[in-house]
Amino acid sequence: MKCFLRSLTLLVGLFFYASSHAADALPTLTTPDDVGPVIEQPIEFPHFRHAGDAKDGGMQINCMYCHTYARRSMVAGIPPIQKCIGCHQSIESVRDKPRIQKLFEYWDAKKAIPWKKVHDLPDFVRFNHERHIQRFYFQQDRPYQEVCGYCHGNVKAMTVAQRQKPITMGWCASCHQKDHLVSANSSKTGHGPNDCFTCHK
Amino acid sequence: MTENDFNRRDFLKVLGWGGAAVALSGCGNTSIQDGQETVTSYVTLPSFVVPSISNYFNSTCAQCDAGCNIMGRVREGRVLKAEGNPNSPINRGRMCGLGQSGVQAHYNPDRVREPLLRTGDKGETITWDKALGLINEKLNGTKGAEIAFITGGMSGHVQALLGNYMDALGSKNHFSYEAISPAVLRAANKKAYGMSMPRYRIDKAKVVVSFGADFLGAWVSPVHFSQQYAQFRKGTRPEGRGVLVQIEPKMTLTGANADRWIAVRPGTEGVLALGLINALGKAGMSIPADVAAVSNEYTAERTSKETDVSAEQIEKLAALLKERTPSLVLAGSAAEGYAHGSQNAAAIALLNRVLGNVGKTVEASASVPFPQIAPTVGNRSSLIALNDGLAAGKYKVVFSYGVNPVFSAPASMKFKDNFAKADFKVAFAHYMDETALAADLILPLDSAMEDWATVVPEYMAAPEEAGSNTYAQMSFRQPMMEKVFPDTRGVGDILLALLKQRKADEYKPFDDFYSYLRSAVLKNKVALGGKAGDDDEVFWNETLSKGIVPLKGIAGSVSAKASAAGLKLPVAADADPSYPLRLIPAVSASIRDGRNANEPWLQESPDPLTTIVWDSWVEINPKTAAKLGIVEGDIVEIASRSGSIKTQAYLFPGIHPDAVSVPVGYGHEAMGRYARGVGANVFGMLDAVYDKETGELALNETSVKISKTGQRVIIVKEEGPVGGSQAGKPKIAVQVSADKVDLSKEV
């Protein structure tokens, strides 16, 4: 019996030691709760200028205007430079700003911009943007800034993106356990898949 | 229990549970890597490209000469996998393992990356300008007759360019070489049916009798025949489920699939064919007089004695063939690799005539209407011609493309020494293989997934609905991605650059092979299925996206004129007691002639019959092995009059006791990290015996002796003990010996 108790204490102790590091508080939407490091990018891209609210001087561009693959593909995609140039070639007013000059340097040299990954999941995790955008943006008809913000935080207030959420399995699962409306016109709810194979293939 | 009883077992239990707890909570702890990797976006991107979603591009497989139409799955600018093109009449959406390995030829780390020039024993990297300039320099002042080209089988616009280049040089010395080629078959077919590659309709036959044609493994167009075979085996077919009889001394993949596998004494396939004709006559079938005159001699007793096949078997087989028509009789390399190989093939072709199969299961095929792009097929006799020329010092500059004769020529030809006699040898090389190593200038080639080409297959399959004998096709090979190594070039581009040295004006409009190909295709828009008014760009893109261009071919016709005149089969001589066994070089479905040996998937995919990986082996009948005291894993020396190899012994009941078999294609001394030093090269030890009619190397004419070296290894193979796992099961079904099975009941 003593032996059993001893084992149990050891087991429980080990468990608490290990799980004390796990994120256990449920995240609130779009608020930062595990801010990642500031990452230096080749061009300090001002998200707030492009996606920010009009009252803050932003242009309120839909996230998916540039990250256009998010609704069709696993990855949201960094836009090709072609896309930046598409607008900026006719925006003379900012043409001589250093960041824009740098952009045109890359374009003229036909060189890709080596952006740093801000949200880099381990290789054994397959996160699918399309499923989440389809579910929350198209089926539930939630505002895009909120939908993207579940994982990416309030990007419209940032210059270069910075991680706002833990993006760990526990954190993913915490949201998958919640009941979400099936669609905007239905009161039925369901929660996210819980199979290992959904993300680990 | 006392405190001290907290023993090892409890500790391990706790550790196990604790470990699980750590693992579980660890999932919440895995931090993502911020800002370490780059995500490089595109500069420009066509609208059809979506990252993480694949695009498919139609192309043509280059792993063997069957020319299957494939689709490459391309994601984020990388080709990841090949699939079969479902619209292809050749492979109908299917692919083989050899084809799948094409991506490993493409990404192979041992590819040649820059032009290399030999100076003495050393090689140095040079620029393309210098390399092409050097060729120009060497060719100036060299007569056309002193320039030779050795290539594999070729077709399409690359062949047309090569032809133009040779014309510009005034050279007529194009040697088309294939190490393993159906050259004897082509000649025999031409004689018997009037065309060298008729269409075989396994799917229409009720019985297929194959004399060593491994059509499911490595014969002519295996993926196509596998598709036909699947139809052939369907019980729901109007003709009912087909019966396959395979006659060969060494069991092939096709033999393993057959209803009846008959081990014939090596070389007596023709005798058996005539014996069958005789038996058919006895069974009441009418035999044309000229055939009967020859076949009458082959009574059941005589045939049985010569071929080692029992008279009862022959009789049953004849009964089967008589009962079920149409049938199809095929002759393969196992029957043709002899000094009398053509005679064997002719005797076998007679069977098709007697059984009335010509026109039913042996159909006419069509040829492409453009002779410049029609396939030039290779054979071994051309290598002999080149070798003789080299030995006599006739050739000063030799170009080699797509072949590796230094590896695959028998040592007795002394090809390597003769090759060295040429002053300047240029190798268009994918790998630093044995031939490239012997060359003076090595030009690195694009892989088949980076290059442009058109391909016309030798064996012209047709879609069912085409129904006529005028279907011919040209297939496109197009790049699926940017070059892996930036300094390689396509063979078409190299030839074009060389042509510009000779005929600058004529070829000035073409910047590269792509523009040459495009303009050549657009010029013949109407013949290639377009309309005169079609927009060029639209037509070109549509053609490329399909990958297959159906052509109105020149119709051929088959005739049942196979003649028995002049047919003479030698009486098998008694074996030379010092070399008592017959060596059968086997062609495996994956390694083939060895050109793809540096693709590790092929090395590690188990041989279908022995399940051996990453090595050569010699198959020995258990009876023969018992006599010689050999057990599995013994390293044995196999010696012929012309050479010897050492390899591991594998006891295999699927081989005639008088024969041993070693797969070809292994034993490279160069080529790359996956091929070099793996196995033994059996090509080197073959005796220089040739088929009397075609001059083709008689692959199976080498007699050998086997001796143990005293070493023994554990064979690396997939298979378990014979009969598989028997755990908890009663004995497996008792095997019935082959001659006790009543074949008529199987029908």
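Chain A is the first sequence line, chain B the second, and so forth, proteins listed ahead of strands; every chain is numbered from 1. Values in this document were obtained by computation on a predicted structure and should not be read as measured data.
Within a 6.0 Å sphere centred on CZ of A:R49, heavy atoms belonging to other residues, nucleotides or ligands number 12 at most. Within a 6.0 Å radius of NE2 in A:H200, more than 12 heavy atoms belonging to other residues, nucleotides or ligands are found. Within a 6.0 Å radius of CG in A:N194, other residues, nucleotides and ligands contribute 12 heavy atoms or fewer. Heavy atoms from other residues, nucleotides or ligands lying under 6.0 Å from OH of A:Y65 number 12 at most. Few gaps surround CZ on A:R99; more than 12 heavy atoms of other groups in view lie less than 6.0 Å from it. For A:K201, the NZ atom sits in a packed shell: over 12 heavy atoms of surrounding residues, nucleotides or ligands are nearer than 6.0 Å. A 6.0 Å sphere centred on CZ of A:R95 holds more than 12 heavy atoms belonging to other residues, nucleotides or ligands.
Summarising the geometry, atom OG1 belonging to A:T68 is positioned 10.5 Å from atom CG belonging to B:L45; distances are rounded to the nearest 0.5 Å. To the nearest 0.5 Å, atom OG of residue B:S41 and atom CD of residue A:Q82 are 11.0 Å apart. Atom CD1 of A:I78 and atom OG1 of B:T38 lie 10.5 Å apart (nearest 0.5 Å). Separation of atoms NZ (A:K116) and CD (B:E37) is listed at 9.5 Å; rounding is to 0.5 Å.
For A:I39, the part sitting under 4.5 Å from any heavy atom of chain B is the side chain, from C-beta outward, and nothing else. Of the two parts of A:K83, neither the backbone nor the side chain holds a non-hydrogen atom closer than 4.5 Å to a non-hydrogen atom of chain B.
Of the residues considered (A:G36, A:P37, A:P42, A:G77), A:P37 shows the highest number of contacts with chain B, using heavy-atom pairs under 4.5 Å.
Residues A:R72 and B:V50 approach most closely at NH1-CG2, 4.3 Å, considering heavy atoms.
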| query | Going through the distances and angles, do B:T44 and A:W107 end up as a side chain to side chain contact (heavy atoms under 4.5 Å, CB included)? | reply | CA-CA 9 Å; B:T44 58; A:W107 174 249; 3.7 Å; yes
